[in-house]
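Counting convention: from 1, in listed order, for ligands and their atoms alike. FYI, side chains are in, hydrogens and waters are out, and symmetry mates aren't considered; it's all heavy atoms of this structure.
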Amino acid sequence: MAPPSRLLPATLQILRRRCASRFSTASSLVSPPSKAVLYDEHGAPDQVLRVADVPPVHLGDRDVCVRMLAAPINPSDINRIEGVYPIRPPLPGAVGGCEGVGQVHALGPAVTAPLSPGDWVIPSPSSFGTWQTYIVKNESVWHKVRSDVPMEYAATVTVNPLTALRMLRDFVQLNPGDAIVQNGATSIVGQCVIQLAKVHGIHTINIIRDRPGSEEAKGKLKQLGADEVFTESQLDMKNLKSLLGAFPEPALGFNCVGGNAASLVLKFLRQGGTMVTYGGMSKRPVTVPTSYFIFKDISMRGFWLQKWMNSDKAEDCRTMIDYLLGLVHEGKLKYEMESIPFSEFSLALEKALGKHGSQPKQVVRF
Ligand SMILES: NC(=O)c1ccc[n+]([C@@H]2O[C@H](COP(=O)([O-])OP(=O)(O)OC[C@H]3O[C@@H](n4cnc5c(N)ncnc54)[C@H](OP(=O)(O)O)[C@@H]3O)[C@@H](O)[C@H]2O)c1
């Protein structure tokens, strides 16, 4: 006979199944009708996206039906719709969005994952199609997360905070007291880099673009723990190292902008330093002076979360997501977001496309 510790999960599963059938309606193995934001061809998101009704879906034995609560609009979602991202969902009828949080609505009869109706779950690794009100996917897709954090954090934890964490860990051995430099510091990744670095005693030198509100943005980043924040125009000088004061020269730099902003990261790096490029928000190329290779022996690297997640890291990924949401719960990780109802999706999209100037990350609530 199995020891009690092994019997308990099975008993719980039966109770959960019963609970699930009470929770859902008479047609318990069919999802409710859903609304989705989808596209049939690639192009400008504000032209090709449409909101459509999606018919109910039958749940397979090991499927879980999730009622989505919130999902962000990330730069990579925009790039997928434009057709310029290496991995894209098949057309026509592709549903937008790649991360988000939902609530378990119903479970297929053979689901063994420890899930119950009402649990908060996220697709982990992140996967296509989170901009819809109900999603039916195999149990293996869903990772249960804590529900005592604001739902916007659960909706956004799988891409940007995880990217910040991996980049701090995967390229250069950093020790307390070291410094890193980054551009695009107002991005969610940038805000997470600042706070995760601080947790480990690492200083951050931050570069932001010149734009209306940049002084206010500096103040906000300093409140998050940024040691120094400069606009690009402040760095239009020869000897940037003089701005470091007591901080050591950074061995590691992050670039998500390109163009001049990438050159500024390089200028701060110490001999033998590494710059990791993970985004190209300005759409300008990264240019490296020959002398940086010869006399500074700079290394240029790249990071793509998708590649990291495809390398047998799914379990690590879930552990890290739990760690990151723990930091959110402890108040050690926060970032600016704007929550916007699904009925105002077009407005959220306009803001995410930069049509209203610089805006916080848009998170759609369903
Ligand atoms: N490689 C990966 O695996 C990976 C994973 C996650 C994210 N990313 C990339 O990381 C970057 C940041 O993503 P996020 O979701 O954290 O960003 P976000 O929160 O949506 O913020 C957008 C950032 O881009 C800046 N920006 C927008 N347009 C710009 C322009 N024309 N020139 C310079 N800066 C501009 C904004 O600056 P303002 O505040 O001044 O508007 C802001 O800092 C994106 O490029 C994204 O694709 C890559």
ask   = Would you call the rings of Phe342 and Phe345 parallel, tilted or perpendicular if under 30° counts as parallel and over 60° as perpendicular?
value = perpendicular

request  = Indicate whether the side chain of Thr133 and that of Ser34 have a donor and an acceptor atom separated by less than 3.5 Å.
outcome  = yes

task = Would you confirm whether the ring centroid of Tyr153 sits within less than 6.0 angstrom of the ring centroid of Tyr335?
result = yes

message = Given a heavy-atom cut-off of 4.0 Å, could you list the residues near ligand 1 in chain and number order?
response = Asn74, Pro75, Val159, Asn160, Thr163, Gly184, Thr186, Ser187, Ile188, Val189, Arg209, Arg211, Cys256, Val257, Tyr278, Gly279, Gly280, Met281, Ser282, Phe303, Trp304, Leu305, Ser358, Lys361

message = Under the side-chain hydrogen bond (donor to acceptor under 3.5 Å, both in side chains) definition, can you give me all pairs with a residue in residues 267-284, not counting sequence neighbours?
response = Asn255-Thr277

query = Are side-chain N/O atoms of Asn74 and Ser76 paired as donor and acceptor at under 3.5 Å?
reply = no

inquiry  = Looking at Tyr134, is its backbone amide N or carbonyl O close enough to the side chain of Arg67 to form a donor-acceptor pair, meaning the two atoms are under 3.5 Å apart?
reply    = no

